[in-house]
2 protein chains.
Amino acid sequence: METIQDEKLEALKGHRLLGVLSENARQTLLKDSLELEMPSGTTLFRQGESARFLHVVLEGRVALIGSSDHKDETVVEFFREGDVFIMPAVVLEMPYLMSARTVDDSRILLIPATPFREEVESNAALNLAVTHELSRHWRLLIRQVKDLKLRSAPQRLGSYLLSLADTDQQSGVVELPEQRGMLARRLGMTPENLSRAFNRLQDSGVRSRGRQVMLDDIPALREFCAYDELV
Amino acid sequence: METIQDEKLEALKGHRLLGVLSENARQTLLKDSLELEMPSGTTLFRQGESARFLHVVLEGRVALIGSSDHKDETVVEFFREGDVFIMPAVVLEMPYLMSARTVDDSRILLIPATPFREEVESNAALNLAVTHELSRHWRLLIRQVKDLKLRSAPQRLGSYLLSLADTDQQSGVVELPEQRGMLARRLGMTPENLSRAFNRLQDSGVRSRGRQVMLDDIPALREFCAYDELV
DNA sequence: CGGCTTATTGACATACGTCAACTATTGTGG
DNA sequence: CCACAATAGTTGACGTATGTCAATAAGCCG
């Protein structure tokens, strides 16, 4: 836990959100920010806590985890390097709806909620960037809801694989960015069922070895998944 | 199809989003807006079309409908009087991810996308209101994703009923705002399964006659649903 | 009142979850 | 670098929730 360094500040210049700030504003905003370096599996905050920090993934990977009765858990979404998460809770000063846990060794930037909120309120450029970011996030979730309601487990897996691939090609290789168990929960199924989903996709030219997944017939896979081009 | 009248403009003064505009700005923005009055079942736009209008429900009720292969359809969300929908597509100038259909006789205000976007970019108060609205919408969807991934069909129905009720009370009566078939799709199940979900909830004190639903034991229902207070 | 739509019920099919055993992979200390 | 433990993933057997189809019943509207 340390205050953010100048050189690291530099790297944020090109950031979707923080990059729109002036050098000065960025410095002021980040003055009280923290940078945490933590191993895979660390819990950053828990569902129900009040939103004290806006989080930015500097390195690594984070899962947002929803739980109902303290027993069942699911992964709502992953965020990776450069992604900002939990902004709606920060903007609305509401408690987190989910917990967050690193799924890789990660560096996370924590920006205190209040100064961030104040900056959004007074800085039009930042506010506009926030609007765009929130809009993108909304559309990601919409796709997920449609996925859950309209597609079977193997189709959800196939769509996910396609989202990692260059779908203009006939074939390709993708690398799973997360462990299968986590991926299963993100896709709304059990690890066992994820295995079976991989098996079912063999007919559509999907082979996997470790984290490498070979897509030998992308058109067939798209057909099978009723894959939806809209982004 | 007619240009919006002055008296109707008046009613928007108290609106979450449009109410933050100055009289002048509101007039300018709404000058080219349209007000449609249409029966239940009208399609407002289709998934994949480019976003030409921001939509505001003045009266009635609208369903956002997601479809995959032109055969299967689901309801992603309902919007009611006062709600604004499809803002992310408008802000990002992206195609709609869903279709929209009235589920009641409705009056809808259509605000042309480009002037709205320009107003957001130049008007800090509006932009801030947009940020709040997007944040609220995000959190609604998060709750839905958690629902779909963590709860059974009867639990989802129960949670939905609780969201309509005053949960501080011991019991209450709620009115279903939509037809059961539509509600079933919103909750991610078939109409047949919705019927069965109602039956299963009888043990938790739920009786329904027509659109009236009596909740006789709200604490028991909350317990059964693992209902989540976070809003 | 009759005809149309919507909701319910029953019988059945299927997808998915669960549990347990087994296998593969990863990480660690000798 | 190996051996072994710990963890993660797979497979099979089985149970359950939910979807499907068809028949019936209930609302709704002219």
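Every chain is numbered from 1, with letters handed out A, B, ... down the list of sequences. Below, each value reflects all heavy atoms present in this structure, side chains not excepted, and no hydrogens, waters or symmetry copies.
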Just checking, B:R101 and B:F45: is the charged tip under 6.0 Å from the six-membered ring centre and within 45° of the axis?
->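 Checked: cation-pi criterion not met.
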Answer yes or no for B:R61 and B:F78: cation-pi contact, defined as NZ/CZ to six-membered ring centre under 6.0 Å and angle to ring axis within 45°.
->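 Yes - B:R61 lies over the ring of B:F78, closer than 6.0 Å to its centre and within 45° of its axis.
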Taking atom [atom2] of [N] as reference, at what distance in whole Å does atom [atom1] of [X] sit?
| X | N | atom1 | atom2 | value |
| --- | --- | --- | --- | --- |
| A:N199 | C:dC16 | CG | P | 14 Å |
| B:L148 | D:dT18 | CG | P | 12 Å |
| A:K149 | D:dT18 | NZ | P | 15 Å |
| B:Q179 | D:dG27 | CD | C1' | 11 Å |
| B:D105 | D:dC29 | CG | C1' | 14 Å |
| B:D104 | C:dT6 | CG | P | 13 Å |
| B:R209 | C:dA7 | CZ | P | 17 Å |
| A:F198 | D:dT11 | CZ | C1' | 16 Å |

Going by number, which of residues 183-194 of chain B have a non-hydrogen atom under 4.0 Å from DNA chain D?
->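 When residues 183-194 of chain B is checked for heavy atoms under 4.0 Å from DNA chain D, the hits, listed by number, are B:G188, B:M189, B:T190, B:E192, B:N193.
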Approximate separation, where rounding is to 0.5 Å, of A:M87 CE and A:H137 NE2 =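 If I round to the nearest 0.5 Å, the distance is 6.5 Å.
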Answer yes or no: is there an ion pair linking A:R151 with B:D72, defined by an N-O contact shorter than 4.0 Å?
->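 Between B:D72 and A:R151 there is no salt bridge, as every charged N stays at least 4.0 Å from the carboxylate O atoms.
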Under-4.0 Å salt bridge between A:E73 and A:R185 |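 A:R185 and A:E73: not salt-bridged.
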Test log, rule salt bridge (Lys or Arg N to Asp or Glu O under 4.0 Å), inputs A:R80 and A:D104 | CA-CA 10 Å; A:R80 62 179 210 281; A:D104 252 337; over 6 Å; no
Which nucleotide in C:dT8, D:dG9, C:dC16 has an atom nearest any side-chain atom of B:S195 =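 Of the candidates, C:dT8 comes closest.
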Between B:F79 and B:H55, does the ring centre distance come in under 6.0 Å?
->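 No, ring centres 6.0 Å or more apart.
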Can you name the closest pair of heavy atoms from A:S106 and A:G60 and give their distance?
->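 Result for this residue pair: OG-CA, 3.5 Å.
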Any donor-acceptor pair under 3.5 Å between the side chain of B:R196 and the base of C:dG10?
->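 Side chain to base: pair present.
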Starting at the 5' end of DNA chain C, what dot-bracket string do you get if Watson-Crick and G-U pairs under 3.5 Å are bracketed, crossing pairs use [ ], other-strand pairs use | and unpaired bases use dots?
-> ||||||||||||||||||||||||||||||
Looking just at side-chain N and O atoms, do A:R107 and A:T102 make a donor-acceptor pair shorter than 3.5 Å?
->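 A:R107 vs A:T102: no donor-acceptor pair found between side chains.
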